[in-house]
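Just so it is clear, the model here is predicted, and its values are computed rather than measured. Just so we're on the same page: letters track the sequence lines, and every chain starts at 1.
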Number of protein chains: 2
Amino acid sequence: MPAAIIPKEAVLDRLAAAFRQHGYDGASISRLSEATGLGKASLYHYFRNGKQEMAEAVFAHVGGNFQELVIVPLTRTGDPTRRLRAAARGLDEFYGRGDWSCILDLFGIGSARQIFQPQLRSVVTGFESVLSDLAQEAGVDRITARRRAEDVVVAIQGALVVARATGERKAFTRVLKELPNRLLGID
Amino acid sequence: MPAAIIPKEAVLDRLAAAFRQHGYDGASISRLSEATGLGKASLYHYFRNGKQEMAEAVFAHVGGNFQELVIVPLTRTGDPTRRLRAAARGLDEFYGRGDWSCILDLFGIGSARQIFQPQLRSVVTGFESVLSDLAQEAGVDRITARRRAEDVVVAIQGALVVARATGERKAFTRVLKELPNRLLGID
DNA sequence: GCTACATTGTACCGAACGTTCTAACCGGAA
DNA sequence: TTCCGGTTAGAACGTTCGGTACAATGTAGC
């Protein structure tokens, strides 16, 4: 069998980039074909159910990256502040230093919403509970920990929106730098 | 001459609702026609340049609402905390109690981005500077005021994204309630 | 070299896209 | 009452949409 011209990993990365740039509804099959360098036939060969399956694969792939870059560092053992700094570095990479939109934002809009809303919800609550657990481990009481975890997720998402609107990533960079203080610091 | 079946105000409100629900690329002319109750001919009669002009009109209209509901209360005279609470009520209404997406988010995605990015930027900087001025008026030093103003904008945008993802508006409601503390409160 | 099969380019489908057009409608000025 | 012109519905334009069909390609295993 002829080997794939390009590894599936790379295909998913390029699909993700296209979805991030155009959103779900704006990412047409032709654009996805251009972005990957694969013809329509190849795309439909790999993703029998078309655009929706591409988006689902991207969602899973990106979720894996997030797990690896952010969740894993957070759930290690060791000093909570160091773990948060590692997660901040992971987030910086995961979001292309603030240049990339979050799938959580994009897939909550338009026709993607019908497909992904339940999964979006569980990603948010999952991330929040990992953050909250870390804060409690560092001695923060449960109520405060949950509130701060929510604040951190809100701040990350908001910073990405603001970065995209202004064309500057300074808000995003600052949120990441302040991440340990935002979760563990004084009220 | 026959009067318009529906006032232009109402048309813009319905167009805005449709854009908010589907995003720019997802809001097709047929959907915009359904949403307004106007046929394609009427839509193109009022907006000669089609979808782009509709979006521009919506942007201006929504911008006017924002000015009226949020900026005006912030730039009145009187106690800064009271003004912030009034602005919070305005934001609550402006964002449909947290159920509506922000144009700042939606129009930063896909083909709308090319059209609106400069205007998005100036909306953000404008809102931030009004907030920052208010904080300074309340005695906050300039550096801190600017940082907190940015934080507030980030928090509002992030809360809307999280609310859409989770289907709950509690994050948004909390951000609004904490708004005076977030801008004026202790570090 | 032959076969089997994963992969690909190309042509094509019906539907929907944004837009244009025409013809009808209808209230007010003449 | 006639007619003007703002307003309307809806058909039709060419293009692109998401998706399918199929024949050609080329390599791995025999």
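Regarding A:Ile29, its CD1 atom lies at a distance of 18 Å from the P atom of C:dA15, rounded to whole Å. In this structure, B:Tyr46 atom OH and D:dA9 atom C1' are separated by 14 Å, rounded to whole Å. When rounded to the nearest whole Å, the span between OH of A:Tyr44 and P of D:dC22 equals 17 Å. To the nearest angstrom, P of C:dC25 lies 19 Å from CG of B:Leu38. Note: CG (B:Asn49) to P (C:dT19) measures 9 Å, nearest angstrom. Counting to the nearest Å, the C1' atom of D:dT8 and the CD atom of B:Glu34 are 17 Å from each other. Regarding A:His45, its NE2 atom lies at a distance of 6 Å from the C1' atom of C:dT7, rounded to whole Å. Atom NZ in B:Lys8 sits roughly 13 Å away from atom C1' in D:dT7 (whole-Å rounding).
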Self-check item: Residues B:Glu34, B:Ser30; criterion side chain to side chain donor-acceptor pair (under 3.5 Å); working and verdict
Solution: CA-CA 6 Å; B:Glu34 277 181 33; B:Ser30 343; over 6 Å; no
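Side-chain nitrogen and oxygen atoms of A:Ser28 include at least one within less than 4.0 Å of the OP1 or OP2 phosphate oxygen of D:dC17. Side-chain nitrogen and oxygen atoms of A:Ser42 include none within less than 4.0 Å of the OP1 or OP2 phosphate oxygen of C:dT7. Phosphate contact (OP1/OP2 of D:dC17, side-chain N/O of A:Ser30, threshold under 4.0 Å): present.
Each of A:Asp25 and A:Ala41 was assigned the nucleotide of DNA chain D with the nearest heavy atom; the assignment lying further toward the 5' end belongs to A:Asp25. Between A:Gly50 and B:Gly39, it is B:Gly39 whose nearest contact on DNA chain D lies nearer the 5' terminus. Remark on DNA chain C: of its neighbouring residues B:Arg48 and B:Arg31, the 5'-side contact belongs to B:Arg31, judged by nearest-heavy-atom nucleotide.
Looking only at side-chain heavy atoms (C-beta outward), B:Arg113 and A:Arg164 come within less than 4.5 Å of each other.
Using a distance-only test at 3.5 Å, with no hydrogens or angles considered, a donor-acceptor pair links the side chain of A:Lys51 to the main chain of A:Ala27.
Taking the six-membered ring for Trp and thresholds of 30 and 60 degrees, A:Phe172 and A:Tyr95 have ring planes more than 60 degrees apart, a perpendicular arrangement.
Judged by distance alone, with hydrogens and angles left aside, A:Lys40 brings no side-chain donor or acceptor close enough to the base of D:dT20 to form a pair under 3.5 Å.
Using a cutoff of 4.0 Å between basic side-chain nitrogens and carboxylate oxygens, B:Asp151 and B:Arg182 are not scored as salt-bridged.
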